[in-house]
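Single-structure report; data block below.
Just the heavy atoms: all of them, side chains too, but no hydrogens, waters or symmetry mates, feed the values below. Nothing fancy with the numbering, it's 1 onward along the sequence.
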Amino acid sequence: MIDANWGNSTDVVYQFCRQSPHSAIVMPSHGKYVGAASTPFSDYKPKRGDRCGLHWRIPAITGKRAVRYALIDTNYWKSFIQARLAVPMGDPGCLSLFAGGGGYDHRLLAEHLTAEYRVKTQGRGRELEEWKLRTPGTDNHWLDCLVGNAVAASMQGAVLFGTDTRRELRKPRLRLSELQGRR
């Protein structure tokens with residue numbers, strides 16, 4: 001996934017995704033602010049052709065030159081990433097970084113990952129964390145990139161225990177003898 005929400009780069013990202021030799025697997029993405037007063041992704045009524053997952057969706061696109069794209073609930077996924085970073089090393093669900101070279105190898109990454117802070121908010125009968133930049137103009141691109149990676153993993157079927165919200169839609173299997181017995 002490639003972030004298509006940054007400045008004037010949206011058209012370039014879409015053109016790249018369309019023309020890439022890897023166009024079958026490269027997809028533009030758009031982070032969407034979903035605050036406490038907003039309609040949550042889980043209340044979205046999918047339309048024919050939409051693909052929906054854990055706080056992300058890929059709307060159906062029509063037209064000759066259209067490129068499918070992903071919409072991401074950025075508040076949810078930033079909280080998800082920060083929660084993974086807070087899990088103790090070695091525990092299930094931990095997101096850890098290689099720690100070599102005297103601790104300076106990940107300084108820039110750490111600055112990007114801490115460029116935003118969370119504010120607990122309430123609205124419409126729910127409570128969530130909204131993320132805001134600490135200082136306007138601060139770079140948070142690698143945080144957005146890490147969020148995109150987590151969403152891409154979710155799209156490919158990766159599930160962290162306790163976050164699988166898929167509803168079982170299968171009907172129970174019927175035996176031929178049961179169908180014949182109903183006649």
Rounded distance [0.5 Å steps], [atom1] in [X] versus [atom2] in [Y]:
X    : Y    : atom1 : atom2 : result
L71  : C52  : CG    : SG    : 10.0 Å
D144 : W77  : CG    : CH2   : 14.0 Å
S79  : R118 : OG    : CZ    : 6.5 Å
F41  : I72  : CZ    : CD1   : 8.0 Å
L95  : Q82  : CG    : CD    : 9.5 Å
S96  : R84  : OG    : CZ    : 12.5 Å

Does some side-chain heavy atom of [Y] sit less than 4.5 Å from a side-chain heavy atom of [X]?
X   : Y    : result
K32 : T74  : no
L85 : L113 : yes
P40 : Y76  : no

Does either side chain, that of [X] or that of [Y], offer a donor lying less than 3.5 Å from an acceptor on the other one?
X    : Y    : result
S154 : W56  : yes
T39  : R124 : yes
N140 : H112 : no

Legend entry - Test log, rule side chain to side chain contact (heavy atoms under 4.5 Å, CB included), inputs M1 and V151: CA-CA 9 Å; M1 295 203 329; V151 174; 3.8 Å; yes
Would you say [X] and [Y] are hydrophobically clustered, going by side-chain heavy atoms of ILVMFWY under 4.5 Å?
X    : Y    : value
V147 : L54  : yes
I2   : I61  : no
V87  : V159 : no
L109 : W131 : no
M155 : V13  : no

Inset, instruction - List the steps and the verdict of side chain to side chain contact (heavy atoms under 4.5 Å, CB included) for N8 and T10. - result: CA-CA 6 Å; N8 297 324; T10 301; over 6 Å; no
Legend entry - Geometric cation-pi criterion, R18 with F16: 6.0 Å, 45°: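 Judged by the rule (NZ or CZ under 6.0 Å from the ring centre, within 45° of its axis), R18 is not positioned above F16.
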Answer yes or no: is there a donor N or O on one side and an acceptor on the other, between the side chain of [X] and the main chain of [Y], under 3.5 Å?
X    : Y   : result
S20  : C17 : no
S23  : Q19 : no
R68  : I58 : yes
E130 : A36 : yes

Inset, instruction - Tell me, yes or no, whether the heavy-atom count around R175 atom CZ, taken from other residues, nucleotides or ligands under 6.0 Å, exceeds 12. - result: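 Atom CZ in R175 is not packed in, count stays at 12 or less.
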Inset, instruction - Evaluate the side chain to side chain contact (heavy atoms under 4.5 Å, CB included) criterion for residues E127 and K120: first the C-alpha distance (whole Å), next the side-chain angles of each, then the deciding distance (0.1 Å), finally the verdict. - result: CA-CA 7 Å; E127 184 176 310; K120 289 193 179 205; 3.9 Å; yes
Inset, instruction - Start with the C-alpha distance between D50 and Y44, add both sets of side-chain angles, then the distance that settles side-chain hydrogen bond (donor to acceptor under 3.5 Å, both in side chains), and finish with yes or no. - result: CA-CA 11 Å; D50 287 358; Y44 174 76; 2.5 Å; yes
Legend entry - SB check E178 R182 (cutoff 4.0 Å):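 Here E178 does not pair with R182 in a salt bridge, since their nearest N and O are not under 4.0 Å apart.
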Legend entry - Taking every non-hydrogen atom, the tightest pair across P59 and Y69: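 Taking every non-hydrogen atom into account, CD-O, 3.4 Å.
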Legend entry - Criterion side chain to side chain contact (heavy atoms under 4.5 Å, CB included) on L160 and F80, from CA distance to verdict: CA-CA 10 Å; L160 182 64; F80 178 88; 3.8 Å; yes
Legend entry - Option among K78, K132, R134 that satisfies the salt bridge (Lys or Arg N to Asp or Glu O under 4.0 Å) test with E116: K78
Inset, instruction - Give the ring-plane orientation class for H141 versus W6, where under 30° counts as parallel, over 60° as perpendicular and anything between as tilted. - result: perpendicular
